[in-house]
Amino acid sequence: MSIEIKLKRAYEPAGADDGMRILVDRLWPRGLSKAAAALTLWMKDIAPSTELREWFAHDPALWPEFQRRYRAELDANGEAVERMRDLLQKGPATLLYAAHDREHNQAVVLASYLQKRGSHPRVSHQRGRHGG
């Protein structure tokens, strides 16, 4: 069964077509209330390690190496990856992240990783009405 994985900043309002809303950050997004997040699940264990997150610091110049290192972490984190795959088979899902950069964040890498392993053919990035 193929489904679409959407990507969205956690600060954007929940949409009717979001499906399951899964936060894939290790840290809770600053200033975001749990009610506003409207999460289905917070999967801290699939997020990049603290060491990798701090090393990357959302520096686009480090993006190629960040992707390589995060994929290696995902390879070593089979339990969390399988849990995510199982969840995604249940229906539409939106992976949420807190980063400002829509192109250089862990949700982009995670969605790509899942695609390449034959799980999900389509990824779309949602932009909320309020930008961000």
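FYI, side chains are in, hydrogens and waters are out, and symmetry mates aren't considered; it's all heavy atoms of this structure.
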Ignoring hydrogens and angles, tell me if any N or O in the side chain of N105 forms a donor-acceptor pair with the backbone of V108 under 3.5 Å. yes

Could you identify which residues cluster with L96, counting Ile, Leu, Val, Met, Phe, Trp and Tyr as linked when any side-chain heavy atoms lie under 4.5 Å apart, either directly or through a chain of such contacts? Y11, L23, W28, L32, L39, W42

Can you tell me how far apart CG (L62) and CZ (R68) are? Round to the nearest 0.5 Å. 12.0 Å

Same apolar cluster: L27 and W55, side chain cutoff 4.5 Å: no

Rounded to the nearest 0.5 Å, what's the gap from CG on L110 to CD on E73? Could you check? 12.0 Å

As an exercise, state the distance from CD1 of I22 to CG of L87, rounded to the nearest 0.5 Å. 5.0 Å

If every non-hydrogen atom of T40 is compared with every non-hydrogen atom of M20, which pair is closest and at what distance? OG1-CA, 3.4 Å

Between R9 (side chain only) and R102 (backbone N and O only), is there a donor and an acceptor less than 3.5 Å apart? no

Residues that A38 engages under side chain to side chain contact (heavy atoms under 4.5 Å, CB included), provided they are two or more places apart: A14, R21

Which residue pairs satisfy the ring pair (Phe, Tyr, Trp, His ring centres under 6.0 Å) criterion with at least one member in residues 67-86, sequence neighbours excluded? F66-Y70

If you apply the rule side-chain contact (heavy atoms from CB on, under 4.5 Å), what do you find for F56 with R69, and how did you get there? CA-CA 10 Å; F56 177 47; R69 291 183 187 190; over 6 Å; no

Straight-line distance of L88 CG to R83 CZ, nearest 0.5 Å: 11.5 Å

Identify the two heavy atoms, one from A107 and one from L7, that lie closest to each other, and give their separation to 0.1 Å. O-CD2, 3.7 Å

Separation of D17 CG from K6 NZ (nearest 0.5 Å): 4.0 Å

R30: which residues meet the salt bridge (charged side-chain N to carboxylate O under 4.0 Å, His left out) condition with it, sequence neighbours left out? none

Does the side-chain contact (heavy atoms from CB on, under 4.5 Å) test come out yes or no for L114 and V81, once each step is laid out? CA-CA 8 Å; L114 293 167; V81 170; 4.3 Å; yes

How would you list, by chain and number, every residue that makes a side chain to side chain contact (heavy atoms under 4.5 Å, CB included) with N77, sequence neighbours excluded? A80

A99 to H58 - nearest heavy-atom pair and separation: CB-CE1, 3.4 Å

Taking all heavy atoms of P60 and all of P64, pick out the closest pair and write down the distance. O-CD, 4.2 Å

In chain order, what residues pass the side chain to side chain contact (heavy atoms under 4.5 Å, CB included) check against R71, with sequence neighbours excluded? Q67, V109, S112, Y113, K116

Atom CE in M84, atom CD in Q89: separation rounded to 0.5 Å? 12.5 Å

Nearest heavy-atom approach of P13 to D18 is O-OD2, 4.3 Å

